[in-house]
A.B. asks: 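Quick one: this structure, given as structure tokens, is what I'll be asking you about.
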Amino acid sequence: MTSSEHMLWGDRHQQKDALRQRIWADLNQAGLTVRDPVGHIPNFKGADAAAARLAELSAWRSAQVVKCNPDSPQTPVRLRALQEGKRLYMAVPRLSRKKCFVELTAEGLREKGVPLDKAATMRNALIHGNLVGFDEMQPIDVVIVGCVAVSPDGGRTGKGAGFADLELAMMAEFGLVSAETCIIATVHDRQIVENSELPLESHDWPLDWIVTPTQVIETHTQHPRPSGLDWDHVQPDQLKTIPILKQLNKGRSIPGLDV
């Protein structure tokens, strides 16, 4: 996240913003990330080990269709999905296109002569994958989200821009996720905080599982999932910069959100 983006999005929830700053500083001081984590989904050391633990979950093993965030710490997750023959959807960064997901399959990549480990990176996924809209996607079995902090009751926060919640809400609108869709985060152990430190709001999508390099936590979350987009929580900057939100908003009248 650039400094301008952080100024735009970072103060929507002061408690979460303070928590993100604390986690970034802790990871940085402890040398637990590949690069400075501030402003990013932390590229934590041990991401490969976390992906390996994820692959042992029955929800992952049975999944045929996986949606994963584009951030670096989830590159090993995307690679495993492709290696195991799963259909992979990756969000276009910042949802900056109307067709805001990239679809990748091992079969399609091999036909193009693209190595799977190459295609698993964000940059090459955008180059070699196929852009798709919600109406072209298959229902999702497992969603992997990148987080800055998580809590054992299913709480999660990313960088503060709200993209993960928007993606899930829009997928729910199109019938692509349901109550049975498993939502999982891969993080470092130091990114886990107390439940009281990470409040869940009505528009938040809670985690079912937390996977780290050393452990797997089932949250047994009691927080209800949103049924779709909560337009009361759509921000003016989101509507201005995310094309699919503009499209979905056609015909609606939302005070303060007209563009």
Side-chain angles (χ1 to χ4, degrees), residues 1 9-10 12-30 32-34 37-57 59-60 63 66-78 80 91 140 142-169 177 181-226:
M1 182 187 295
W9 290 320
R12 287 182 175 159
H13 193 292
Q14 291 187 358
Q15 183 177 349
K16 288 182 179 179
D17 192 45
L19 176 61
R20 284 189 288 269
Q21 297 297 334
R22 195 190 85 204
I23 294 296
W24 283 329
D26 178 59
L27 293 173
N28 203 22
Q29 184 176 10
L32 296 175
T33 57
V34 176
V38 176
H40 303 283
I41 299 298
N43 192 4
F44 62 95
K45 294 178 181 178
D48 286 333
R53 285 191 181 274
L54 168 67
E56 296 173 358
L57 285 178
W60 174 270
V66 173
K67 181 265 178 188
C68 187
N69 57 297
D71 302 277
S72 295
Q74 280 69 50
T75 300
V77 174
R78 296 192 294 272
R80 280 189 172 269
I140 312 296
V142 167
V143 173
I144 309 298
V145 292
C147 300
V148 175
V150 300
S151 58
D153 66 348
R156 47 158 294 278
T157 185
K159 296 176 289 187
F163 286 119
D165 289 325
L166 278 176
E167 291 164 15
L168 286 163
V177 297
T181 306
C182 194
I183 303 176
I184 307 172
T186 59
V187 295
H188 194 277
D189 294 83
R190 294 276 278 266
Q191 293 174 254
I192 302 174
V193 303
E194 297 293 331
N195 294 336
S196 59
E197 296 182 88
L198 191 46
L200 281 160
E201 301 174 88
S202 62
H203 62 280
D204 288 335
W205 287 72
L207 299 169
D208 296 302
W209 294 88
I210 298 166
V211 182
T212 80
T214 66
Q215 61 181 320
V216 174
I217 300 170
E218 187 174 8
T219 68
H220 300 288
T221 184
Q222 299 299 306
H223 185 74
R225 291 185 177 183

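Computed from heavy atoms alone, side chains included, the values below leave out hydrogens, waters and symmetry copies.
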A.B. asks: Within this structure, what is the CZ-CG distance for the pair Arg156 and Leu200, rounded to the nearest 0.5 Å?
C.D. replies: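 Rounded to the nearest 0.5 Å, the CZ-CG separation comes out at 9.0 Å.
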A.B. asks: Given side chains that start at C-beta, do those of Ile23 and Glu197 come closer than 4.5 Å, heavy atoms only?
C.D. replies: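 Result no, sub-4.5 Å side-chain heavy-atom pair not found.
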A.B. asks: Taking side chain as C-beta onward, heavy atoms only, is Ile41 less than 4.5 Å from Val148?
C.D. replies: yes
A.B. asks: Listed by chain and number, what are the ring-ring contact (aromatic ring centres under 6.0 Å, His included) partners of His223, not counting sequence neighbours?
C.D. replies: none
A.B. asks: Drop me the distance from Ile140's CD1 to Cys68's SG, to the nearest 0.5 angstrom.
C.D. replies: 11.5 Å
A.B. asks: Treating Arg225 as the side-chain partner and Ala169 as the backbone partner, does any N or O pair qualify as donor plus acceptor under 3.5 Å?
C.D. replies: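 Checking the backbone N and O of Ala169 against the side chain of Arg225, no donor-acceptor pair under 3.5 Å is found.
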A.B. asks: How long is the gap from CG on Asp17 to CZ on Arg20, to the nearest 0.5 Å?
C.D. replies: 5.0 Å
A.B. asks: Can you spot which of Ile183, Val211, Asp71, Val66 makes a side-chain contact (heavy atoms from CB on, under 4.5 Å) with Ile144?
C.D. replies: Val66
A.B. asks: Is there a donor-acceptor pair under 3.5 Å between the side chain of Asp165 and the backbone N or O of Trp205?
C.D. replies: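 A pair under 3.5 Å: yes.
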A.B. asks: Once rounded to the nearest 0.5 Å, what's the spacing between atom CZ of Phe163 and atom CG of Asn69?
C.D. replies: 12.5 Å
A.B. asks: Without swapping roles, check the side chain of Gln222 against the backbone of His220 for a donor-acceptor pair under 3.5 Å.
C.D. replies: yes
A.B. asks: For the backbone of Cys147 and the side chain of Gln191, can you confirm whether one donor and one acceptor N or O come within less than 3.5 Å of each other?
C.D. replies: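 Yes: the side chain of Gln191 pairs with the backbone of Cys147.
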A.B. asks: Between Thr33 and Leu27, is there a donor-acceptor pair closer than 3.5 Å when you use the side chain of the first and the backbone of the second?
C.D. replies: no
A.B. asks: Give me the atom names and distance for the closest heavy-atom approach of Thr157 to Lys16.
C.D. replies: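 Answer, listing the atom of Thr157 first, then Lys16: OG1-CD, 4.1 Å.
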A.B. asks: Enumerate the side-chain hydrogen bond (donor to acceptor under 3.5 Å, both in side chains) contacts for residues 181-190, please, sequence neighbours excluded, ordered by first and then second residue.
C.D. replies: Asp26-Arg190, Gln74-Thr186, Asp189-Thr212, Asp189-Thr214, Asp189-Gln215
A.B. asks: Is there a side-chain contact (heavy atoms from CB on, under 4.5 Å) between Arg80 and Val77? Walk through the geometry before answering.
C.D. replies: CA-CA 5 Å; Arg80 280 189 172 269; Val77 174; 5.9 Å; no
A.B. asks: Which of these, Val193, Ile217, Ile192, Val145, sits in a side-chain contact (heavy atoms from CB on, under 4.5 Å) with Val150?
C.D. replies: Ile192
A.B. asks: For Arg53 versus Pro213, what's the shortest heavy-atom pair and its separation?
C.D. replies: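 So the two residues come closest at NE-O, 2.9 Å.
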A.B. asks: Return the minimal non-hydrogen interatomic distance between Pro206 and Thr221, and the atom names on each side.
C.D. replies: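 Nearest heavy atoms, Pro206 then Thr221: CB-OG1, 3.5 Å.
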A.B. asks: Please give me the minimum heavy-atom distance between Ala63 and Val142, naming the atom from each residue.
C.D. replies: CB-CG2, 3.7 Å
A.B. asks: Is a side-chain donor or acceptor of Asp153 paired with a backbone partner of Asn195 at a separation under 3.5 angstrom?
C.D. replies: no
A.B. asks: Going by the rule side chain to side chain donor-acceptor pair (under 3.5 Å), which residues pair with Trp60 if we only count those two or more places apart in sequence or in a different chain?
C.D. replies: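 With neighbours one apart ignored, the set is Glu84.
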A.B. asks: Nearest 0.5 Å please: distance from the CG atom of Leu198 over to the CG atom of Asp204.
C.D. replies: 8.0 Å
A.B. asks: How close do Pro76 and Asp48 get, counting heavy atoms only, and between which atoms?
C.D. replies: CG-OD1, 3.0 Å
A.B. asks: Identify the two heavy atoms, one from Pro226 and one from Ser202, that lie closest to each other, and give their separation to 0.1 Å.
C.D. replies: CG-O, 3.6 Å
A.B. asks: Would a distance-only check, ignoring hydrogens and angles, find a side-chain to backbone donor-acceptor pair under 3.5 Å from Trp24 to Pro37?
C.D. replies: yes
